[in-house]
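This report refers to the structure that appears directly beneath it.
First the proteins, then the strands, lettered A, B, ... as listed; each starts at 1.
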2 protein chains.
Amino acid sequence: MEKLEDILKNVLKGNDIRITRQREEILKILYEAERPVTAKKVYSILRKKLPYIRLSTIYRNLNLLEEKDILRKVELNMDNRESSFEFFRGEHHHHLVCISCQEIIPLECPLAEYEKRLQKETNYTIIDHKIKVYGICPECRK
Amino acid sequence: MEKLEDILKNVLKGNDIRITRQREEILKILYEAERPVTAKKVYSILRKKLPYIRLSTIYRNLNLLEEKDILRKVELNMDNRESSFEFFRGEHHHHLVCISCQEIIPLECPLAEYEKRLQKETNYTIIDHKIKVYGICPECRK
DNA sequence: CTGCCTGCAAATAGTTTGCAAGTTA
DNA sequence: TAACTTGCAAACTATTTGCAGGCAG
């Protein structure tokens, strides 16, 4: 019956990352969101608790956590300016994004077989792929 | 037996776009590339012919041509900062990018069926999707 | 107490915008 | 000649970086 705070502390410790208040809070926001979140969004949430925090701190930590494979970076906007980050729970997946309200639905990957075929056909060593699907959610369609 | 210049002029006229030297040259570069090209790349090529051209002119025209569905905008870098544009020849397709030399191979879309299924499962109205596959080309693997 | 981390300010990269002068139809 | 386009400079947005003081281990 561990507290979330302790679980996340252990995630940090287990990756040789020093524990700071900022890191704990950033990671917690990502963990609880269960969806990709932008740096700016993290900033706006966190500023209420830690008024002196800066965007640079957010970015430094999001990048650090991504390097350690604790987070994944994804680009979801149609006009790819802003990145989002999501807590990485170990499974390769993709996203369906509502272009009206930005709601995000995770999708299982439909390309496992395709990748193998592609590797044969092109003779490339396939490393990774990304899929983004855009649509309008039932709520916004009304 | 039409000249390329005339073909491209007609593309512009047909879309109610005024013909300027800059537009003709930009479109020609995109047409002849047969692969996505960045604004910066267009700029560096075109500066040799039109030394006074500015990046802003390139961007304005790439965006205009995209709005008219003459070009498609795609984001191919793993770290999505820079956009590329490609001449749109009418077929929906995707890209396999070599993460070492940036060579690009167009891919047929493998998701036609999947999209329909997804629409039923999620009740979203599916609008579009993007796939990028990353790999290492045979040449770079050596 | 040593090195990593943060706040802060400034830089960077890609892209966009306002404006006056030049060009197209 | 009216409307649109361009060169030019400056602005803008997301993100990164250098530095000095502060905090974690």
How many whole angstroms separate atom [atom1] of [X] from atom [atom2] of [N]?
{"X": "B:Arg23", "N": "C:dT23", "atom1": "CZ", "atom2": "P", "result": "15 Å"}
{"X": "A:Glu82", "N": "D:dA14", "atom1": "CD", "atom2": "P", "result": "5 Å"}
{"X": "A:Asp16", "N": "C:dG3", "atom1": "CG", "atom2": "C1'", "result": "15 Å"}
{"X": "B:Leu64", "N": "C:dT24", "atom1": "CG", "atom2": "P", "result": "16 Å"}
{"X": "A:Asn61", "N": "D:dT16", "atom1": "CG", "atom2": "P", "result": "12 Å"}
{"X": "B:Arg47", "N": "D:dT6", "atom1": "CZ", "atom2": "P", "result": "17 Å"}
{"X": "B:Leu55", "N": "D:dT5", "atom1": "CG", "atom2": "P", "result": "19 Å"}
{"X": "A:Leu12", "N": "D:dG25", "atom1": "CG", "atom2": "C1'", "result": "14 Å"}

Touch class at under 4.0 angstrom, heavy-atom based, for A:Ser56 against every strand present: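 Here A:Ser56 touches the bases of the nucleic acid.
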
Sugar-phosphate only, base, or nothing, as touched by A:Tyr59 at under 4.0 Å among non-hydrogen atoms: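 It contacts base atoms.
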
Whether A:His94 side chain and A:Ile131 backbone form a donor-acceptor pair below 3.5 Å: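 Yes, because the side chain of A:His94 sits within donor-acceptor range (under 3.5 Å) of the backbone of A:Ile131.
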
OP1, OP2 of [N] versus side-chain N and O of [X]: anything below 4.0 Å?
{"X": "A:Arg18", "N": "C:dG3", "result": "no"}
{"X": "A:Asn77", "N": "D:dA14", "result": "no"}
{"X": "A:Thr20", "N": "C:dC4", "result": "no"}
{"X": "A:Gln22", "N": "D:dC23", "result": "no"}
{"X": "B:Thr57", "N": "D:dG7", "result": "yes"}
{"X": "A:Asn63", "N": "D:dT16", "result": "yes"}

Passing candidate, side chain to side chain donor-acceptor pair (under 3.5 Å) with B:His93, options B:Arg72, B:Glu86, B:Glu108: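 By the side chain to side chain donor-acceptor pair (under 3.5 Å) criterion, B:His93 pairs with just one of B:Arg72, B:Glu86, B:Glu108: B:Glu86.
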
Between A:His92 and A:His129, ring centroids under 6.0 Å: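 Between A:His92 and A:His129, the centre distance is under 6.0 Å.
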
side-chain contact (heavy atoms from CB on, under 4.5 Å), paired with B:Phe85, selected from B:Val37, B:Thr38, B:Asn63, B:Val42: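 The residue from B:Val37, B:Thr38, B:Asn63, B:Val42 that satisfies side-chain contact (heavy atoms from CB on, under 4.5 Å) with B:Phe85 turns out to be B:Asn63.
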
C:dG18 base / B:Arg60 side chain donor-acceptor hit below 3.5 Å: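 Indeed there is one.
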
5' priority, DNA chain D, between B:Pro51 and B:Ile17 [closest heavy atom]: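 Per heavy-atom nearest nucleotide, the more 5' residue is B:Ile17.
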
Residue whose nearest DNA chain C nucleotide is more 5′ - B:Lys73 or B:Lys13: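 Here B:Lys73 is the residue nearer the 5' end.
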
Row check, B:Phe87 ring normal vs B:Arg35 NZ/CZ: under 6.0 Å, within 45°: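 No, B:Arg35 does not lie over the aromatic ring of B:Phe87.
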
